[in-house]
Amino acid sequence: MAIRGEEKEPAKKTGINKYFDIHKPVFWPSVILITAMIVSTLLLGDRAEELFSTIQSTITNNAGWLFVIAVNVFIVFSLYIAFSRFGSIRLGGDDAETDFSTLAWFAMLFSAGMGIGIMFWSVAEPIFHFLSPPMADAESVEAAQQAMNLTYLHWGFHAWAIYAVVGLSLGFFAFNRGLPLSFRSVFYPLIGDRIKGWMGDVIDILAVLATLFGLATSLGLGVLQVSAGLDHVFGLPDNIYLQVGIIVAITGVATVSVVLGIDKGVRVLSELNVRIAALFLIFMIFVGPTIFIMDSFVQNFGGYLSSVSTFSFWTESYAQSNWQNSWTIFYWAWWISWSPYVGMFIARISKGRTVKEFVLGVLIVPSLITFLWMSAFGGSAISLEMAGIGNIGDAVNSNVATALFVFLEQFPLGMITSVIAIVLILSFFVTSSDSGSLVIDGLTSGGKLDAPVGQRIFWAQTEGLVAAILLIGGGLSALQTASISTGLPFVLILLLMCYSLQQGLKREYREKHELVKDKEREDYKKLVKETIKNQKENN
């Protein structure tokens, strides 16, 4: 039911049975487009990788500037919303209560937003930048500092600002304006009742595709790393058969979790992930170069803050190289394509939190944890490389997925920590898959919070299938292209979303204060009447 008179849930026919409750204009086009992608990849065979590479370079060369502008708009806008008069608005209304504790909330935020990614890139990316920095001499002190600054840029506030904008928009229009938890709802201030028609359907279809391919990218990276880890630690053959086998096994576990739902499945696994990750991080801080890690964390953070304005607006205008397209633009496109999933998941778990609490919680806490993680693993890896220990750079250049395991070998209990790393990656894999399934369920069922079990299973299996096909068809290049291709149209949707959210919050604030004024008038009139009545009785 809508809690505002003019805004009502779109009335669409749904195909309802025991196993599926679908919104046909979104479900079937999404399935057809995904199937077309899978079939095309399989038919192209060896040519798929070349095609993926061409598409990726075309988009990044011609639209990189748009991604750079957009992510900066998102971080400025999210901070403006948090510290404006709208910051006191509570998702769900003034009397709304939170569904999860703050610890559980942060655990699910972190697991959904960064899990697999930081495991894959925490050692590899800083080493990459150290060996081939865009604006410094390779393997120099300046290169080491620049490597960490760039890593912080890619994994810090900008990424989480994207999630904050999307999550807040979805949560506000669902919980405060009474609309379905769906992307079409966010654009009610712009297109009104047309969200019920083809315009709303197109928006939700794009959200489904962006979610699925962004998720497939992360799942694919996780599989590559697990496969490399099993080869490195146990000698299993690191090939496509092992990788597809891992996807099948983990998709099976994810299916069980998604059937259990958010509270029994996703929440429990997310909290377990964070506990294991916290122990993993603490272990590394204590057995690694402890003083160096803490010193570098402080220095890296300061360096990031001082250089963020330069790097966040840098577009390689005069360098004439392809470095930024392969790194920064890829990341911005990845986070944008990942944002429908993370944003909708965050929205579902954030009812009862104020706008300010939501934005600052999403921006600051996960970013700081990520920064400490990158300093502990990436910073330590650079210190080893500078000292000529471990040959981590060679591992990165030969097979980036092995970087973490080669790094762990340089410290006590290397075998045990490598096994723990594999378990942690697999666990993040499961939470990413089942959380994504719940999100796509909502999008393809017309914004319903709880889709039937059969529908959840269908999307969990589809995510695994897409990740497997992309790996078979083009490996890492295919995964990156999937994110960039879906991120390009979605960046325009997110920019419009900022304006729509601002209009929605503005109206909510005005209505809230008008109600307060009306209540004050009624209370005053009541007080006057009681005073007059008392005076008459006393006389």
Side-chain angles (χ1 to χ4, degrees), residues 1-3 6-38 166-167 169-175 177-215 258-259 261-262 337 339-348 433-463 465-466 486 489-490 493-494 496-497 500:
M1 176 183 292
I3 60 174
E6 80 287 6
E7 298 171 2
K8 298 179 181 179
E9 182 174 339
K12 286 284 186 181
K13 294 180 180 180
T14 55
I16 302 176
N17 57 39
K18 184 177 180 181
Y19 302 104
F20 283 82
D21 182 2
I22 64 173
H23 180 57
K24 293 180 181 179
V26 174
F27 182 90
W28 290 115
S30 298
V31 171
I32 290 169
L33 289 170
I34 292 165
T35 303
M37 184 282 302
I38 292 173
V166 176
S169 299
L170 291 166
F172 171 75
F173 283 99
F175 301 135
R177 309 305 293 184
L179 293 167
L181 186 59
S182 185
F183 265 79
R184 70 177 68 216
S185 300
V186 175
F187 297 92
Y188 189 92
L190 299 181
I191 61 177
D193 287 337
R194 282 175 290 183
I195 65 170
K196 304 173 186 178
W198 68 268
M199 288 186 180
D201 294 335
V202 169
I203 290 170
D204 280 350
I205 290 168
L206 287 173
V208 170
L209 296 178
T211 300
L212 189 71
F213 291 119
L215 188 61
V258 81
V259 168
I262 286 184
S337 66
S339 67
Y341 147 59
V342 180
M344 186 169 286
F345 183 72
I346 292 174
R348 290 187 65 170
S433 179
D434 54 19
S435 301
S437 298
L438 292 171
V439 167
I440 298 177
D441 289 340
L443 289 169
T444 56
S445 65
K448 297 178 179 65
L449 292 178
D450 293 302
V453 171
Q455 196 163 318
R456 299 184 208 172
I457 294 173
F458 172 81
W459 285 114
Q461 300 292 323
T462 301
E463 289 160 13
L465 178 63
V466 170
T486 52
F490 218 74
I493 290 178
L494 264 59
L496 286 173
M497 183 181 288
S500 186

Participant: Calculate, to the nearest 0.5 Å, the distance between atoms CG and CD1 belonging to Asp193 and Ile195 respectively.
Facilitator: 7.0 Å
Participant: What distance separates Asp441 CG from Phe458 CZ, expressed to the nearest 0.5 Å?
Facilitator: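 So the CG of Asp441 and the CZ of Phe458 are separated by 10.0 Å.
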Participant: Any heavy-atom pair between the side chains of Ser339 and Leu494 that's under 4.5 Å?
Facilitator: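 They are in contact (side-chain heavy atoms under 4.5 Å apart), so the answer is yes.
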Participant: Looking at residues at least two apart in the chain, or sitting in another chain, which of them share a salt bridge (Lys or Arg N to Asp or Glu O under 4.0 Å) with Asp204?
Facilitator: Arg184
Participant: Per the side-chain contact (heavy atoms from CB on, under 4.5 Å) rule, which among Ile440, Val202, Ile205 passes with Val26?
Facilitator: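 Only one of Ile440, Val202, Ile205 forms a side-chain contact (heavy atoms from CB on, under 4.5 Å) with Val26, namely Ile205.
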Participant: Is there a donor-acceptor pair under 3.5 Å between the side chain of Thr35 and the backbone N or O of Val31?
Facilitator: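 Pair found, side chain donor or acceptor close to backbone of Val31.
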Participant: Which atom pair, heavy atoms only, marks the closest approach of Gln455 to Ser445?
Facilitator: NE2-CB, 3.6 Å
Participant: Shortest non-hydrogen contact from Leu179 to Tyr188?
Facilitator: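 It is CD1-CB, 3.9 Å.
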Participant: Just to verify, what does Phe490 make a ring-ring contact (aromatic ring centres under 6.0 Å, His included) with, not counting sequence neighbours?
Facilitator: Phe183
Participant: Got a donor-acceptor contact below 3.5 angstrom from the Ser500 side chain to the Val186 backbone?
Facilitator: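 Yes; judged by distance alone, with no hydrogens or angles, the pair exists.
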Participant: Between Ser185 and Pro180 (side chain of the first, backbone of the second, donor and acceptor by atom type, cut-off under 3.5 Å), is there such a pair?
Facilitator: yes
Participant: If you measure from CE on Met497 to CZ on Phe187, what distance do you get to the nearest 0.5 Å?
Facilitator: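 Rounded to the nearest 0.5 Å, the CE-CZ separation comes out at 4.5 Å.
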Participant: Quick one: pull up CH2 in Trp28 and CG in Leu33 and give me the separation to the nearest 0.5 Å.
Facilitator: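 It is 13.0 Å, given to the nearest 0.5 Å.
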Participant: Residues two or more places apart in sequence or in another chain: which of them pass side-chain hydrogen bond (donor to acceptor under 3.5 Å, both in side chains) with Ser30?
Facilitator: none
Participant: Kindly determine whether Phe27 and Leu443 satisfy side-chain contact (heavy atoms from CB on, under 4.5 Å), including the steps that lead there.
Facilitator: CA-CA 8 Å; Phe27 182 90; Leu443 289 169; over 6 Å; no
Participant: For a quick test of reading the model, state the closest non-hydrogen atom pair linking Ala347 to Phe175 and the distance between them.
Facilitator: O-CE1, 3.1 Å
Participant: Are Thr444 and Val208 packed together at the side-chain level, in the sense that at least one heavy-atom pair is separated by less than 4.5 angstrom?
Facilitator: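 Of all side-chain heavy-atom pairs linking Val208 with Thr444, at least one is under 4.5 Å.
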Participant: In Å, rounded to the nearest 0.5 Å, how long is the span from OG1 of Thr211 to CG of Leu206?
Facilitator: 10.5 Å
